[in-house]
Amino acid sequence: MDELPLDQVRTLLAVVDEGTFDAAAAALHVTPSAVSQRVKALEQRTGRVLLMRTKPVRATESGEVVVRFARQLARLERDARAELGMAEGLGPVRLPIAVNADSLATWFLPALARVPQDPPVCIELHREDESYTTALLREGQVMAAVTSSPDPVAGCSVRMLGLARYHAAAAPAFAARHLAGEPGQDLPRAPVIVFDRKDVLQDVFVRSLTGDAAASAGPVRHYVPTSEGFRDAVAAGMGWGMVPEQQAHPLVRTGELVLLAPRRPLDVPLYWQQWKLDSPALSTVAQIIAGAAAQALRGPSAGGA
């Protein structure tokens, strides 16, 4: 493919970020006609449709490749200027990172607090289910992500962080009322707490107990889309749910929760994926996150005990 003109690449990124051709024109201090002509020229050069002309504008799959390239190019340019002593006026380094809610509520934020602030680093967190965070990497919205996928996104490296352990838990009174029998028989019928409609942990756990690939958690589902709220809803007796080990154990000790199958935890592998860039700030954050994960998560060989 012919080389990609940088002004056209940057214009495409501006349209995606601003949402409309007019807004991109204002941000770039050019006319909307110039923006449209640059985007069309880039589409002709690549031989692909790069934008869906919706409101707001969205990148196509091919467009996402160019958007990711544009963001990486901007990052490399910034780092090069900093190394050349031309950092004046650049502002703090911005690192957009995707992370799942349970990591955010347990071990991730204390790790980020250890990131050096000389030069200053601005962390922009995107909360997303660990099964979907790679989509944000693929779209170029984030530079790194905590994900459950070991398959690297194009242009990214991947390393395993560890296993996030979950336990099926419920309030004692709820368990006595709804779960007096075998968990594999009662859980599919009992009210259940679910994070959101992307959350399949409860269904996966039921299938692991029953051996039935078509089984699922109960028809009465309460959706609670915060990690702390999810834990509190389970402790309040609204339903049972898969609670992170770090959140479950303190409440088990106080008697607010009981583990429904203590010898059958569910371990979710977590990985760190990031752009393959020689970015000092990103490398520092990656090392800190890996160190914190090694302490907070279980190792890959963790058993079911």
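- Here OG1 of Thr210 is found 13.0 Å from CD of Glu182. Values are rounded to the nearest 0.5 Å.
- Val200 and Val146 end up in the same hydrophobic cluster when Ile, Leu, Val, Met, Phe, Trp and Tyr side chains are linked at under 4.5 Å.
- We find the CE-CD distance between Met52 and Glu61 to be 10.5 Å, quoted to the nearest 0.5 Å.
- Counting only residues at least two apart or on different chains, no salt bridge (Lys or Arg N to Asp or Glu O under 4.0 Å) pair has a member in residues 95-111.
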Which is it for Arg138 and Glu64 under the side chain to side chain contact (heavy atoms under 4.5 Å, CB included) test, yes or no, and what are the steps along the way? CA-CA 7 Å; Arg138 193 172 295 109; Glu64 290 172 358; 4.2 Å; yes
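- The cationic group of Arg197 lies under 6.0 Å from the six-membered ring centre of Tyr223 and within 45° of the ring axis, placing it in a cation-pi geometry.
- Residues Gln202 and Leu266 have side chains not in contact (no heavy-atom distance under 4.5 Å, counting atoms from C-beta outward).
- Looking at Gln287 and Ser283, their side chains never bring a donor and an acceptor atom within 3.5 Å of each other.
- No side-chain heavy atom of Met242 sits under 4.5 Å from any side-chain heavy atom of His167.
- Residue Tyr271 holds its OH atom at 12.5 Å from OG1 of Thr134, rounded to the nearest 0.5 Å.
- Atom CG of Leu95 sits about 10.0 Å away from atom CH2 of Trp275, to the nearest 0.5 Å.
- In the hydrophobic clustering of ILVMFWY residues, with side-chain heavy atoms under 4.5 Å counting as a link, Val258 and Leu251 come out apart.
- For the pair Val30/Gln37, no side-chain contact is recorded, criterion being any heavy-atom separation below 4.5 Å from C-beta on.
- For the residue pair Ser227 / Gln247, a side-chain donor-acceptor distance below 3.5 Å is found, with atom types taken as modelled.
- The list of salt bridge (Lys or Arg N to Asp or Glu O under 4.0 Å) pairs with a residue in residues 215-238, not counting sequence neighbours, reads Asp203-Arg221.
- Neither side chain, Thr20 nor Asp22, offers a donor N or O lying under 3.5 Å from an acceptor on the other.
- At a threshold of 4.0 Å, the pair Glu130-Lys198 does not count as salt-bridged, since none of the basic side-chain nitrogens sits closer than that to a carboxylate oxygen.
- With contacts defined as side-chain heavy-atom distances shorter than 4.5 Å, the pair His178/Asp186 does not qualify.
- Each of Trp240 and Ile193 belongs to its own hydrophobic cluster when Ile, Leu, Val, Met, Phe, Trp and Tyr are linked at side-chain heavy-atom distances under 4.5 angstrom.
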